Trainee: 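Please see the structure below; I have some questions.
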There are 2 protein chains.
Amino acid sequence: MSSREAAGDPVRRRRSGTRSVTLQDVAAIAGVSAQTVSRVLRIPDEVSPETRDRVRTALREAGYVPNLSARNLASNRSKIVATVIPSLSASIFSETLTGLSSVLAPEGYQLLLGYTDYDDKREEELIRSLLGRRPDGFFMTGALHSPAVIKMLKASRVPVVETWDWIDTPLDTLVGFSNEDAMYAMVSSLHEAGYRAPCFVGSLLEGDHRSRRRLDGYLRAVGTYWPGREPRVVDASAYPLALESGARLLEVARQAHPESDVLVFSTDIYANGALLAATSRGIAVPEEIAVAGFGDFELSRMLRPALTTVALPNTTIGQEAARMLLTRMRGERPERTKVDMGFEIRRRESA
Amino acid sequence: MSSREAAGDPVRRRRSGTRSVTLQDVAAIAGVSAQTVSRVLRIPDEVSPETRDRVRTALREAGYVPNLSARNLASNRSKIVATVIPSLSASIFSETLTGLSSVLAPEGYQLLLGYTDYDDKREEELIRSLLGRRPDGFFMTGALHSPAVIKMLKASRVPVVETWDWIDTPLDTLVGFSNEDAMYAMVSSLHEAGYRAPCFVGSLLEGDHRSRRRLDGYLRAVGTYWPGREPRVVDASAYPLALESGARLLEVARQAHPESDVLVFSTDIYANGALLAATSRGIAVPEEIAVAGFGDFELSRMLRPALTTVALPNTTIGQEAARMLLTRMRGERPERTKVDMGFEIRRRESA
DNA sequence: AGCGCTATCGGTAGCGCTAACAGAAGACCT
DNA sequence: AGGTCTTCTGTTAGCGCTACCGATAGCGCT
């Protein structure tokens, strides 16, 4: 202001700024106030058609791109959904992400992605940094979290949807299925098919909660069908999530429990790797050893023998979770805060 | 309102705000100014040890989570790298993302992810919305973009790294390889191995630029080794990127060009699907028909026969691109703005 | 004692936007 | 005619943070 020329003139601060086009610039071109431009962007119906057109022309002419940080700060809404997955490379989650994004993107939400690498400590840091963006919603893979995580999320009052698991009291909402029941059902199915010596092969990694829940289901099934029997278990924690590991684990399992008649893997990746290795080495599946998986990847039904496995609602979990979040983000209460998406045993040739 | 009773009392505006802990709150607890708290977070060395400890205690006690939107607005840095990939489900890019993130995360950068589904129009909208967050850097898959995209990115003055392709004049920096040369090399290798009737099978989709470049390489090779010969090409655009499609395309290609002795697929996904289908149907590979792929997925070397394919620097592209961005985001000029990560022909049993 | 320096802290303006209010102009009603 | 209501636009005050500048105290040195 020129009124500050006088003696006690306060210092004139200059900040670099974005040096990109602002609402003010557009307003100047269109000959209206910044507020009106803002309205054209957010609630065009409340602006008269003539001004609206004029402003829109100015917007195009100036090449305006709204600064969402500023919008976020002023409106207290970020249009961001923070998304926590265990790993980028596990293709299984990418289907869930696709489902999630396909529902959220049309509503103008962006996904801010982070992965934990199955490490609880990393999850904690990740969530802290994601919370910094003040997301409108939180998508979590898994439903077992450290007290620190729970505390942070509760304190933030952000709508949260937990997925891919099943617990009694979710943080906020839950869209998933019971890994334990699914594995139990798998072993039941194998028992029914006549198998008598199953061996569980899966990650017992600290941070891989879903794999542990599958183990729980396996243990419970063994308790039911072979009471008193020491369960056969092979820990796969040391093996990366890759087909190659499945090949190795086939060896390890047959060494550790030669009497096993079926290997029950905690994921299709291992199972398919084992299947491929068995074929290469001339081990007959399912005659010599049967194989079962978890996840029903596309490869699982393409291989010969095709893999017996548990089909999971990969994509639909993402879509349903997105709908749940949308409801919560509108401030409404969904009819049900827990949705069981179920699972399905797929009996094929491998077992 | 009771607060406005007084005569000249200026209107007292109340905004809801985040209602979460702010710097002010922490400052009040620690008995210092907000500015000092801010310094403890950003440049702790400039604060005396005693105050620093006091502030840190207060930060913990209050459960402070910085509002990055506000920080972004004030500092004009977002610590966000916008990341554009064609598809979430193409596992091949997830490796690149892992590489990217593994280098950027330790530096405090978050990935804001978007995917285009191989659609140029969607890419444009996506980039506009990503730019709204004022990212510090831009990671692009591919190097061929619409004029509108180029204009927006140039205007934003954000460091950009294009990847997975090779062109003369990148927008800013480029970390990739030549899809055309790679495919040319593959066909050369097949020619050298004695194949005489190759057939290209791949997406000719408008937005799938990399696949088209592979076709270009194929066409050039045919021109070199079989001058005058009409190139055999099967358009796979209508088939989703899945193993199942490979099975179908095997049929289609053998129908369309029965005399082909080798099918050259634009991606390992199709190629592996074809391989699996051939095995199921008793078609001998490579005797009856040989198969070559592009990408070298893990499955490709696990199958029997193992797939002859082109190995690409999936993960290292991400890492190198991240380093490139870091340099540019520091405002420095990298020694080279174009880095060729190369490729490698992997001769295996399928061809 | 006075000077210049550094280390440490606080005050203030402003980043670009929107919520909340205010006001003008016309439409409509009694 | 006067009042009320609606439609449209502008003004103002923040949102939570950091850049920028100043102020103060303490230090070593002449």
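Nothing here was measured: the structure is a model prediction, and the numbers come from that model.
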Trainee: For the side chain of Y64(A), counting heavy atoms from C-beta on, which of dT18(D), dC17(C), dT18(C) is nearest?
Mentor: dC17(C)
Trainee: Is R122(A) close enough and on-axis enough to Y115(A), meaning under 6.0 Å and within 45°, for cation-pi?
Mentor: yes
Trainee: Looking at E320(B) and R323(B), does any basic side-chain N land under 4.0 Å from a carboxylate oxygen?
Mentor: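 Yes, E320(B) and R323(B) are salt-bridged.
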Trainee: Roughly how many Å is it from CG in N76(B) to P in dT18(D), rounded to a whole number?
Mentor: 13 Å
Trainee: Between dA19(D) and R77(B), is there an OP1 or OP2 to side-chain N/O distance shorter than 4.0 Å?
Mentor: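 Yes.
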Trainee: Donor-acceptor pair under 3.5 Å: do we get one between Q35(B)'s side chain and the base of dG11(C)?
Mentor: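 Such a pair exists between side chain and base.
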Trainee: Write down the distance between CZ (R71(A)) and C1' (dC15(C)), rounded to a whole number of angstrom.
Mentor: 16 Å
Trainee: Whole angstroms only, please: what is the CG-C1' distance between N67(A) and dC15(C)?
Mentor: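 Atom CG in N67(A) sits about 8 Å away from atom C1' in dC15(C).
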Trainee: Rounded at 0.5 Å granularity, tell me how far CG in L23(A) sits from CZ in R71(A).
Mentor: 8.0 Å
Trainee: Less than 4.0 Å between a side-chain N and a carboxylate O, is that true for K79(A) and D136(A)?
Mentor: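 Here D136(A) does not pair with K79(A) in a salt bridge, since their nearest N and O are not under 4.0 Å apart.
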Trainee: Anything under 3.5 Å between a protein N or O and an N or O of nucleotides 23-26 of chain D, put it in a table, one pair a line.
Mentor:
none

Trainee: As a test of understanding, state which of L131(B), D172(B), V161(B), L325(B) forms a side chain to side chain contact (heavy atoms under 4.5 Å, CB included) with F138(B).
Mentor: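 That would be L131(B); it is the only one of L131(B), D172(B), V161(B), L325(B) passing the side chain to side chain contact (heavy atoms under 4.5 Å, CB included) with F138(B).
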Trainee: Please list, pair by pair, any protein nitrogen or oxygen found under 3.5 Å from a nitrogen or oxygen in nucleotides 4-6 of chain D.
Mentor:
none

Trainee: Between CG of L100(B) and CD of E95(B), what distance do you get to the nearest 0.5 Å?
Mentor: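 It comes to 13.5 Å.
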Trainee: Between R42(A) and dC17(C), is there a contact of a side-chain N or O with OP1 or OP2 at under 4.0 Å?
Mentor: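 So the side-chain polar atoms of R42(A) never come under 4.0 Å of the phosphate oxygens OP1 or OP2 of dC17(C).
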Trainee: Does S38(B) make a side-chain N or O approach to OP1 or OP2 of dT18(D) shorter than 4.0 Å?
Mentor: yes
Trainee: Could you tell me whether the side chains of D120(B) and H209(B) share a donor-acceptor contact shorter than 3.5 Å?
Mentor: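 Yes, H209(B) and D120(B) have a side-chain donor paired with an acceptor closer than 3.5 Å.
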Trainee: Atom CD of Q24(A) to atom P of dG14(C): distance rounded to whole Å?
Mentor: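 Those two atoms, CD and P, are 13 Å apart.
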Trainee: Given atom CD1 of I43(B) and atom C1' of dT18(D), what is their separation to the nearest angstrom?
Mentor: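 Taking CD1 of I43(B) and C1' of dT18(D), I get 10 Å after rounding.
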Trainee: Taking atom types as modelled and ignoring hydrogens, do the side chains of S38(B) and R42(B) form a donor-acceptor contact shorter than 3.5 angstrom?
Mentor: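 Per modelled atom types, S38(B) and R42(B) side chains form a pair under 3.5 Å.
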Trainee: Is there a donor-acceptor contact under 3.5 Å from the side chain of T57(B) to the main chain of D53(B)?
Mentor: yes
Trainee: Which of these nucleotides, dT18(D), dC17(C), dG16(D), is closest to any side-chain atom of L73(B)?
Mentor: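 Per side-chain heavy atoms of L73(B), the pick is dG16(D).
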Trainee: Tabulate atom names and distances for all N/O pairs under 3.5 angstrom spanning the protein and nucleotides 6-9 of chain C.
Mentor:
residue: dC9(C); atom: OP1; partner: S48(B); partner atom: OG; Å: 2.9
residue: dC9(C); atom: OP1; partner: T51(B); partner atom: OG1; Å: 2.4
residue: dC9(C); atom: OP2; partner: S48(B); partner atom: N; Å: 2.8
residue: dC9(C); atom: OP2; partner: T51(B); partner atom: OG1; Å: 3.3

Trainee: Rounded to whole Å, please give me the gap between CG in D25(B) and P in dG16(D).
Mentor: 9 Å
Trainee: Could you check how far CG of L68(A) sits from P of dC17(C), rounded to whole Å?
Mentor: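 So the CG-P distance, L68(A) to dC17(C), works out to 9 Å.
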Trainee: Nearest of dG14(D), dG16(D), dA19(C) to any side-chain atom of A74(B)?
Mentor: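 The nucleotide sitting nearest to the side chain is dG16(D).
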Trainee: Give the rounded distance in Å between these two atoms: CG of L23(A) and P of dC15(C).
Mentor: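 It is 13 Å, rounded to the nearest whole Å.
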Trainee: Determine whether K154(A) and L171(A) make a side-chain contact, defined as any pair of heavy atoms from C-beta on separated by less than 4.5 Å.
Mentor: yes
Trainee: Which distance, rounded to the nearest 0.5 Å, do you find between the OG of S69(B) and the CD1 of I80(A)?
Mentor: 6.5 Å
Trainee: Determine which nucleotide pairs with dT30(D), using a 3.5 Å limit on both distances of a Watson-Crick or G-U wobble pair.
Mentor: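 Base partner found: dA1(C).
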Trainee: Nearest 0.5 Å please: distance from the CG atom of L326(A) over to the CZ atom of R328(A).
Mentor: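 Here the interatomic distance stands at 12.0 Å.
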